[in-house]
Protein chains: 2
Amino acid sequence: MNVTIKDVALKAGVSIATVSLVVNNNNRISSETRKKVLKTIKALNYYPSRSARDLVSKKTGNIGFILTDDHFLRTEPFYTKIFLGAEFEAREGEYYILLTTVKADFTASDPLPRFIRDKSVDGIIIAGKVPPKLIEKLGNNSMPVVVVDYQMENKNYSHILIDNIHGGILATEHLIQNGHKKIGFIGGDINHPSIYERLNGFNKAHERANIIPDNNRIKTNTGYPDRQNGYNLARELFTSNKNITGVFACNDAMAIGVMHYLKDNNYKIPQDVSLVGFDDVEADLLLDPPLTTVRVPKIELGAEAFRVLVSQLKNNKIQPKKILVPVEILVRNSTKKIQ
Amino acid sequence: MNVTIKDVALKAGVSIATVSLVVNNNNRISSETRKKVLKTIKALNYYPSRSARDLVSKKTGNIGFILTDDHFLRTEPFYTKIFLGAEFEAREGEYYILLTTVKADFTASDPLPRFIRDKSVDGIIIAGKVPPKLIEKLGNNSMPVVVVDYQMENKNYSHILIDNIHGGILATEHLIQNGHKKIGFIGGDINHPSIYERLNGFNKAHERANIIPDNNRIKTNTGYPDRQNGYNLARELFTSNKNITGVFACNDAMAIGVMHYLKDNNYKIPQDVSLVGFDDVEADLLLDPPLTTVRVPKIELGAEAFRVLVSQLKNNKIQPKKILVPVEILVRNSTKKIQ
DNA sequence: ATTTCTCGGTTAAACGTTTAACTGAACAAA
DNA sequence: TTTGTTCAGTTAAACGTTTAACCGAGAAAT
């Protein structure tokens, strides 16, 4: 049968309160008593019952992790890495993480995840874009929420974000430093904050280099930022401009689409056109040539989200924060000095 | 403040035991009383406290899900899908799933995952190959274990497996039905049961078609079943054989390696060589040509593992089972009739 | 009419931990 | 010597649920 605090108390010759005080590192206990109790805990391999502890403390010891189905099933494990970052951080702590996905088209009639409904989590991490109706429904809860890689206009939630502006600058400066002046920008929907900020970085880098960007070299639309749209916008870019020698695609999916367009139209990468992406998805290395990209530290995003949420749970007077996690450029073979 | 059973009892004008009996669908309660209580539960939005319930029932309401780091971070979300299959199945039930990864080189000195140590799970799902030292250490626990996509010689655990033999037959028969007789098999380490069984299927399909397989067309080694090794074994196959017109690679990674070798050596797929893989990883569709493959139903593997574990938890007299989840062949453009 | 049984509810102990209030011994201050 | 304080432990109630044993009313059997 399982060992309880009573067994430890009996064997150590102390009260159950003493054992509890030792387990919880209360400094009222003398070091002699503490040692004796710890020795007994070890000998009996005692672990406190989380259900008993949670009942008394009115906590659950769990954190909910929510993302959309499609995000978790993407070929590149972007959100899987964010989740694992949080799980690594939680691993030897006092919280478990419960993951669930919601439909990308979640509506007001859909129920919230069960761990919210039955109050089995103390706080929530939301990874990536989620439907606004989910956020609305969440608003009825008082538990703290941390949002990763998505911005919402809810000032009650902390946000862990990619430093997209700086990433856009890094990508564009890399091309400029390699002598490129006629640089195209391939983006999806600039109502999407990440894409907007990456374009912002693209523009800032031009300003800093005293190069006047040409709006005709900025191709965006309201389409999904996927390969196909990357392909389409690349076609638009290259048919309406001459002498483009560098391209910064706002994410790797679009970069791959751009790469396909260039190959289909007999451009050589990087001899004719240098190409930079953003994300550093796993597939990048398989590409020919391997893609230069802005690396997003997914594991760290998840770990930071977890740390911020836990600190809010421990001290609910902490104000929500917005944290920009830094990025770096990984130079591979899809960029080179202009000839 | 949170609603408890006391609030419901007070408002409904019954005892807390009555409310508990209603919540738990005990048939001693009259339907009049039941309706009254259910109405009050709904009005107050009452959810039972899992910690109180778990304390009394001496259960945790959680299932642990364990896999190795590298498995979870693979580019193709094979294990992510197995996990999601389990999570989908758990979603509206009475168990939560706690996921953790362990190191692929877990040793006897590494501690078991925390949710085992502190007895926060009622049962465990192991996904994929895990280090033998982990299994040894797990042996000290009495909780039920279900293993997915991995075989171990522990008869105390249920196994949910891919029907590899039948998959190997499907792959090989597809080639044979397209007129191929000189078919190569590309495998990794045949001490790995899955690979061994797929080869077994390859052989059985030959027997059924009264085609004598040539052992010189079976290329395996003790290497990792990855792309590079697929490339290497393809080289070995094609340099030591003439007129190979079909290849069955034991997994998609190796199939991709084979594909690269063929392209590097001016073979046309499928005109010169037809190629079949096994797994149906996400990348298959991106390949040129898209890969014919044996589709492994990952989501279903996970869901079945969950169902089997829950049935064992509910009735611990149930004997461990070995379940083979069926596969199917997806014919894409990497195979065609022999000319 | 009396006794026994069934039904539908209720009472109260238990689960394992936490912690406020209590306690006795030892020490310090008056 | 007396009084007050501190220390290091202990006692017992509380947390929210489950459920065995209990209970009163009504029905059935004698």
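Just so we're on the same page: letters track the sequence lines, and every chain starts at 1. Given the structure is predicted, the values throughout are model-derived calculations rather than measurements.
For the pair A:Ile29 CD1 and D:dC7 P, the computed distance is 13 Å after rounding to whole Å. Between the P atom of C:dG9 and the NZ atom of B:Lys36 lies a distance of 8 Å, rounded to the nearest Å. Atom CZ in A:Arg50 sits about 13 Å away from atom P in C:dT17, given to the nearest Å. One interatomic measurement links the two molecules: CD1 of A:Ile5 to P of D:dA12, which rounds to 17 Å at whole-angstrom precision. The distance from atom CG of A:Asn27 to atom P of D:dT6 is 15 Å, rounded to the nearest whole Å. With rounding to whole Å, B:Tyr47 atom OH is found 18 Å from D:dG16 atom P. Following rounding to the nearest Å, B:Arg28 (CZ) and D:dC22 (P) show an atom-to-atom distance of 13 Å. Note: CD1 (B:Ile16) to C1' (D:dT18) measures 9 Å, nearest angstrom.
Distances shorter than 4.0 Å separate some side-chain N or O of B:Lys58 from OP1 or OP2 on C:dG16. For C:dT17, the OP1/OP2 oxygens have a side-chain nitrogen or oxygen of A:Tyr46 closer than 4.0 Å. In this structure, A:Ser51 does not reach the C:dG16 phosphate: none of its side-chain N or O atoms is under 4.0 Å from OP1 or OP2. OP1 or OP2 of C:dG9 has not a single side-chain nitrogen or oxygen of B:Thr18 nearer than 4.0 Å.
Residue B:Arg53 is classed as a sugar-phosphate contact, given heavy-atom separations below 4.0 Å to backbone atoms only. Within the 4.0 angstrom heavy-atom criterion, only backbone atoms of the sugar-phosphate kind lie near B:Asn24; the bases stay farther away. Among the atoms of the strands shown, base atoms are found under 4.0 Å from some heavy atom of A:Leu55. Using a 4.0 Å heavy-atom cutoff across all strands shown, B:Thr4 reaches sugar-phosphate atoms only and no base atom. Within the nucleic acid shown, A:Ser15 comes within 4.0 Å of at least one base atom, counting heavy atoms only. A:Val14 comes within 4.0 angstrom of the backbone, heavy atoms only, and of no base. Contact annotation for A:Ser20: base contact, defined as any heavy-atom pair under 4.0 Å involving a base atom. At the heavy-atom level, B:Ser49 lies under 4.0 Å from the strands shown only through sugar-phosphate atoms.
When all heavy atoms are compared, the tightest approach of A:Pro326 to A:Asp163 is CA-CB, 4.4 Å.
At a cut-off of 3.5 Å, with distance as the only test, a side-chain donor of A:Thr107 or A:Asp110 sits close to an acceptor on the other residue. Side chains of B:Arg91 and A:Thr101: a donor on one and an acceptor on the other come within 3.5 Å. Side chains of B:Ser120 and B:Asn62: a donor-acceptor N/O pair is absent below 3.5 angstrom, by distance only. With 3.5 Å as the limit, one finds no donor-acceptor pair spanning the side chains of B:Tyr46 and B:Asn2. Between the side chains of A:Lys322 and A:Gln151, a donor-acceptor pair is found at a separation under 3.5 Å.
Listed candidates were D:dT18, D:dG9, D:dT19. Nearest to the side chain of B:Leu21 is D:dT19.
Residue B:Ala17 is the one, among B:Val56 and B:Ala17, whose nearest nucleotide of DNA chain C lies closer to the 5' end (criterion: closest heavy atom).
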